[in-house]
Each structure stands twice: as C-alpha cells, then as structure tokens.
Amino acid sequence: MTEIIFHEETKTFHLYNDKISYLMCVLENGHMGHLYFGKKIHDKADFSYLVEKYGRPMTSYVFENDRTFSLEHIRQEYPVYGSTDYRHPAVEILQENGSRIMDFRYEGYEITEGKPELKGLPATYTESGKEAKTLKIFLKDGLTGCRLELLYTVFDSEAAVARSACLRNEGSENLHLLTAMSLNLDLPDKDYIWMQLSGAWARERHVKKRILEQGITAVDSRRGNSSHEQNPFVALKRPNATEGAGEVIGVSLIYSGNFRIQAEVDTHDVTRVTAGIHPDGFDWKLEPGEEFQTPEAVVVYSEKGLNGMSQTFHRLYGRRLARGFWRDRPRPILINNWEATYFNFTEEKLLKIAEKARECGVELFVLDDGWFGKRNGEHAGLGDWYANRERLPEGIRGLSEKIEAFGMKFGLWFEPEMVNKDSDLYREHPDWILQTPGRNTSHGRYQYVLDFSREEVVDCIYAMMEKILSESRISYIKWDMNRSITECYSATLPPDRQGEVFHRYILGVYDLYDRLTKKFPQVLFESCASGGGRFDPGLLYYAPQGWASDDSDAVERLKIQYGTSMCYPVSSIGSHVSVVPNHQVFRNTPLHTRANVACFGTFGYELDLNRLPEEELEEVKKQIAFMKEYRELLQFGTFYRIKSPFEGNETVWMTVSDDQKTALVGYYRVLNGSNQPYSRARLQGLNPNLLYENIYNGTENYGDELMNYGLITTDGSAGELPAGSASCTDFESRIYILRAKENSR
C-alpha cells in the first residue's frame, strides 16, 4: 500500500510502499532538499538531521552571517547552478536580461490517487486509482514568474518512482529553457559500479562497467534518436552486488531522442545523478503562458541484485508502459522475407515463402522493404507509400487477402520518417526534409529525414499509412528508421526556436504512433531503427516489441539479448532464426541453437524455408510447436540471468512461471573444448520445496538443490564421449524444461 505523508512542522515528505522509501524536505531557503531513497524505513515526523551542513573552505553561502548553508554541499531534488551550487544543474533558464540564475521556492503540494498522463509524451500509467499515488510539488521563481511542478509517482507493488517536471511561464517576459532534466537524484556516497548499455550497429546494448570516481560519468546521444551507441538506461550497483543479491539503483528515461544520463561525483564523494533531454543544442522558448513538460524517468531500487532491478522494470514496463491489445498476449510466430529476398521478390516468390511457412506452423507473414513506389533498391521510393504494381499486381490488399486465405496473418514494413530524393513526395515537397539553409545536406543510406516537427508532414504520412491499413488486411507493422539526424533545422520555425527541432521531431513521431495505434488498436506494431537504434522505453509505449538488432547471429545475440534484458521485458525483444552462414558475421551455427536463443524473445524466422533440407524442416516444425506450447512462459514469465556472456564461455538464463511449477533454462556454450571442467548453473526463482522433473535428461531435483548446488550442465566435452552419444560442437545449446511433480511439497 502506497502512502505519501507530509509532516507540516518539519516540511518533510515521505513517499513509501512495502518496498521503498523516498524522503525529501523544504530547505531553509525554500528549495527542495533530498534526504533518502532506498529500502523502506519507518516513518517519523523529523528527519532533519539528514540535511548535513558544515562550513568548508572555499565555499559560498546562501545566508548572511551563516557559514553552514551552502547548496554546494546539500543534496537537492531539482538544483540550479550559480547560487552557491557549482555542480551540474537539473534546470537552466536564460532570461531576457541575460541571467541564468533562478530561485525556485516551495509554494505547496498536491497528492492524488493514480497517475496523470503527460500530454504528448509516453509514460507509465495506472488502470485504477488504487495502483499508485502521485505527489506534485509546486515551486516558483518570484523574479521571472516561472512555475515549476515536480511530479513523483509511487506504485503500490513496485520498488519504483516515476519522476518528471513541468515548467510554466507565468511571467511577462520570454524565457529560454536550456536544461530541463526529468530526474535529479543526489546520493550520499559514490560506492557504486556504474553499468551502461553501449555498442554500435549489430552489437547493441553490451554491458559496460566502471567504478564511479570523482568527476563525470555519462551516457548520451545527440543523434536525434536514442541510438545504437548508447541506451537511456544505467544501473548503479554496490561493489558486492550480484545478479541475485545486493543493492542496485536503476535509472531509465522514457524518451526516444537526444538524452543524457550522468553521474557527477563531487570531491566530497556525493553522487548527483541526472537524466533527461540532452542539454547540448536544446533551447526551448517559453513565451508567457506556455509550459514545457519533460519526459518521464523511472528510478528503481533493488536489494535483490541486478535481477531484482530488472524484474521490476520488466513488470512495470511490460504491464504499465506497453499498452493495448497485444500487451499481455503471446506474440505470433512470424516469418520475414528480408534476408530471404532483400529487394529481389515478386508476389509469386512471396506466396511460395508464405505457403511453406504455413506448412511449418508459422502464423504471420511479414513483407519487408521494397513493396512501394519505385523501390528497387536503396536510392528510390521512400515517402511514396503506395504499392508497386509491377511487383504486386493486386497491391497490398490483394497480397494480404491471399496470405490470409492461407490461414495466416499479414504484416508490412514502413519507414515513415524518411524520404529518398528520387520519390514523388520529395519532388513535390523538397522543403519537407531537415536541412540547414546554405549548408550541405548529408544523407544516410541515400535517404533524408522528413521534418516531423511540422504537422503537415506528419499529417501527409499518416494519410498514406491510414489508407493502406484501412484498405488491406494488415495485422502487424514493422516501423523502421535507418538513419540519425544531421543538419537539424526546420524551415518553418524562427531562429530563436531552432533549438526545439530535435524534441519537436520526436513529439511528431509520438503523434504519428499515437494516431495509428488508436485507429488500428489490434495491429501489432514493432519498432525498428536499423535494428536496435531506437530500442527505448518511449517507443515501448506505442509498440510493445522492438527489433533488437539487425544482427541475427545467435552467438552475437547472446550478448545483445542479455544486455537488453537489464531493463526491457523478454516480450519486447524481437528475435528471429536466420539463415547460415549468417548475413552479418558469416558464422555457421546449429539450427537448434539459433532457435534456442530466439525463443527467449518474440520468435520468428528470417529466411526462406523452401531452401532448407527436409530434416531441418522437421526440426523447424518442432521448434514452432515448442514455442507455441511455451511462449506465454517465455515472454511473460519471471526472467533471471544466471551466467553472463560477458564473463565467460557459457551463458545461462531462465524463466519461471508465476506459480513456480514450470521453468525453462537456456544453456549456451560458445566454443567447444576438450577435457573441460564440470559445469553447473545455480538457478533462481524456484520453489525450494517442490520436486522438479528435468524433461531434458530425466532427473529429479528439489528446487533448493537446483538453487544451491545447481543444475548440472556438464556434457561430453568434459571427457571421452561414450559410443553412440551425441557429439559436442562449437555454439552448443539446450533448453532444460523443469516441471514440478504433483504432491512434491
């Protein structure tokens, strides 16, 4: 049960549920001071001793004749720069007189049941007022008239706090918002290991670690998208924390554009964590009467290690960020034609691929790039969202009806934010792209970025997409985005508003997603950005799954999917079985390993099944039957990471049903060896009192044994193979099915 208590005499707020406490107070100068965030503690009226104040050399002080109160050494909720605090601020506002000094003083508060929506922005939500409580704290800068609202939502059942801020110009002069963080969290020490998800195209979201030290540690993107390179998520874990135990704080930003998450450790070892829109190049003009709402950030506390943190994000994002028809439904098993045909296809070829897939049990056929305009390659067609009748004589409607006649559903690829110069759309509207006057306009993959900060551009793309979806039988949309933004300038905004374009662009993307998902609520949307370039919580609000990476190699996917699971639920991870040699790394991996990796995700195929030998087709049929039987558990069970691909040759992860009676354990070994050590994996999440039958090898073990001694994963690589036994190879894997026996307590 969530409570938000305000102690009037000490002006202290205590937000808590059964798992966490969040404490803050009104400081002597009227600013908000941060006191505590962590495991739940008992409430009491006075926590003022947590505001530690000491005079220090070379310190500036707020009050005359007081050499203790300096914002440089006090933990705060939403700090400003320049009034005794020299650290990076949460907010910076340029005024007409050139000053950037602000003085936000407490005016009042409001407590409400549930959680308000954030206009035009994705955010976590509640379905009833009893699920959460929200605190709004009101502050105001008396000189400029700028009002600041700090929003805090605490969920009943999760160790998480959702944070955002809203700034409103109630004065008479224009203001320029230069920095507006969604979250500021001042922690009392620096004893953390910083963990981030970094990489590049085809190797996204690899886990990187470093020890926090005095100075700045940050991840960010200034590419216009959250990016392949960095993800808007970090974890701070205590040095002794593991996957299963110890304190961890996770910070995630629900946003898809330029961002920064930063930890600043001062020379007294206080750690300031900020998360929000990247301030570089950001300049939002607030005229009198206008307001600006920041994206939402979510901060999670775990005393059960990294898995505990991740499971909180999985539940919250899977059930109260993702929305709509497909939120709780197991995902259809699909086949995508891209790696099977690329641009070289006809309707006849597509129907042959679909028919073979149907025979194997596939439920959804997805037509990828190349179906529209004069799209015979990367140079032309983007922006012309109507069917190429030379390829598809009866258009998308005709093809979709034929696919449905097979008993399958039909899906379609779009890249709505981009245009080729060789397109009817560009020839008619050459000013609709982002381009800076008098400067070279760069391309990426021979395409240019449409100016989604303009309503008429979004309206045009919506009209074309809406027409196709209304006329055809489409059950799934793959929404791609294959380049980052350059020369970010909008032809319709005045000079003093060009700093708004990056954010207005993302708002336009959200608007198009919102309109389409509301018009077609039963269509399953999958976000894609050249693979994982925009795999972020912002898009999860509209598209409950995302293509995790263009790299479909099973071995590479171990790291990608392992890192992705730090924040994102398994149900959101688009993962497919592709052809060998793999088209990205040219590796040959066994068919069963490709499936064993992909099944811990949405699952599908990225190949032409007609080209497989009969024995592999039979294996595919068994894979699909297995996935249909267990996909609800795989996609919505409680997920645990057991062994990391970043720390050894073996990877182990598992999922457990809510009643703890069924578990699936994925075991993966990259390289084979000779005379190897014995291997076991200490499992998690089982009922210690239940006796589990191991379907893979026929053994029986109680849950406490499997969690304390471990599941034995030793195979023939440990010694001489007995005659007739299965051989061991590189890229080996297996799925262990554990089922609790009746009356085993």
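Because the structure is a prediction, the values reported are computed rather than measured.
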* To do: Please lay out, stage by stage, how T2 and D156 fare under the test side-chain hydrogen bond (donor to acceptor under 3.5 Å, both in side chains).
  => CA-CA 5 Å; T2 297; D156 278 0; 2.5 Å; yes

Would [X] and [Y] count as having a side-chain donor-acceptor pair, cut-off 3.5 Å?
X    : Y    : value
N307 : S310 : no
S221 : Q230 : no
Y317 : S252 : yes
S302 : E247 : no
R75  : Y36  : no
Y255 : H503 : yes
S490 : Y505 : no
R534 : S256 : no
H34  : Q76  : no
E296 : T124 : yes
R483 : T486 : yes
N225 : S227 : no

* Could you walk me through whether V273 and L187 pass side chain to side chain contact (heavy atoms under 4.5 Å, CB included), step by step? => CA-CA 8 Å; V273 179; L187 300 169; 4.2 Å; yes

* Do F646 and H206 make the cut of ring centroids closer than 6.0 angstrom? -> yes

* When the aromatic ring centroids of Y510 and Y542 are compared, is their separation below 6.0 Å? -> yes

* Test ring-ring contact (aromatic ring centres under 6.0 Å, His included) on Y109 and F138 and set out the steps. => CA-CA 6 Å; Y109 72 95; F138 306 111; 8.5 Å; no

Any idea how [X] and [Y] line up, ring-wise: parallel (<30°), tilted (30 to 60°), or perpendicular (>60°)?
X    : Y    : answer
F47  : H14  : perpendicular
F282 : W284 : parallel
F37  : Y301 : perpendicular

With rounding to the nearest 0.5 angstrom, report the [atom1] to [atom2] distance, [X] to [Y].
X    : Y    : atom1 : atom2 : answer
K19  : K304 : NZ    : NZ    : 8.0 Å
I111 : L135 : CD1   : CG    : 5.5 Å
S164 : L151 : OG    : CG    : 4.0 Å
L539 : S226 : CG    : OG    : 7.0 Å
I4   : K133 : CD1   : NZ    : 7.0 Å
D280 : L178 : CG    : CG    : 11.0 Å

Under a 4.0 Å threshold between the charged nitrogen and the carboxylate oxygen, would [Y] count as salt-bridged to [X]?
X    : Y    : result
E28  : K53  : yes
R439 : E487 : no
D85  : R272 : yes
K115 : E131 : no
R147 : E170 : yes
R222 : E229 : no
R87  : E72  : no
D451 : R504 : no
K285 : E290 : no

Is it the case that [X] places NZ or CZ above or below the six-membered ring of [Y], under 6.0 angstrom from the centre and within 45 degrees of the axis?
X    : Y    : result
K190 : Y192 : no
R100 : Y81  : no
R323 : Y541 : yes
R641 : Y562 : yes

* Applying side chain to side chain contact (heavy atoms under 4.5 Å, CB included), run through Y152 and M24 and close with a yes or a no. => CA-CA 11 Å; Y152 303 78; M24 55 189 159; 3.5 Å; yes

* Other residues, nucleotides, ligands: >12 heavy atoms within 6.0 Å of E455 CD -> no

* Residues which pass side-chain contact (heavy atoms from CB on, under 4.5 Å) with P494, listed by chain and number, not counting sequence neighbours -> D496, R497

* Which is it for H73 and H268 under the ring-ring contact (aromatic ring centres under 6.0 Å, His included) test, yes or no, and what are the steps along the way? -> CA-CA 8 Å; H73 304 300; H268 299 284; 4.9 Å; yes

Strictly distance-based, threshold 3.5 Å: is any side-chain N or O of [X] a donor or acceptor partner for the main-chain N or O of [Y]?
X    : Y    : result
H228 : A529 : yes
N258 : R223 : yes
S70  : S60  : yes
N169 : C146 : no
D511 : R515 : no
N184 : T274 : no
S565 : G563 : no

* To do: Test Y106 against H31 for ring-ring contact (aromatic ring centres under 6.0 Å, His included), laying out the working first.
  => CA-CA 6 Å; Y106 172 79; H31 294 197; over 10 Å; no

* Run the numbers on I101 and V80 for side chain to side chain contact (heavy atoms under 4.5 Å, CB included), then give the verdict. => CA-CA 8 Å; I101 300 298; V80 298; over 6 Å; no

* Asked: Passes side chain to side chain contact (heavy atoms under 4.5 Å, CB included), Y61 versus T68? Steps please.
  -> CA-CA 7 Å; Y61 301 99; T68 62; 5.7 Å; no

* Structure fact -> The side chain to side chain contact (heavy atoms under 4.5 Å, CB included) partner of E158 among R320, R315, R319 is R315

* To do: Please assess D18 against K39 for the test salt bridge (Lys or Arg N to Asp or Glu O under 4.0 Å), listing each intermediate value before the final yes or no.
  => CA-CA 9 Å; D18 292 339; K39 187 175 180 179; over 6 Å; no

* Kindly indicate whether the side chain of D191, heavy atoms from C-beta on, has any atom under 4.5 Å from the side chain of R238. => yes

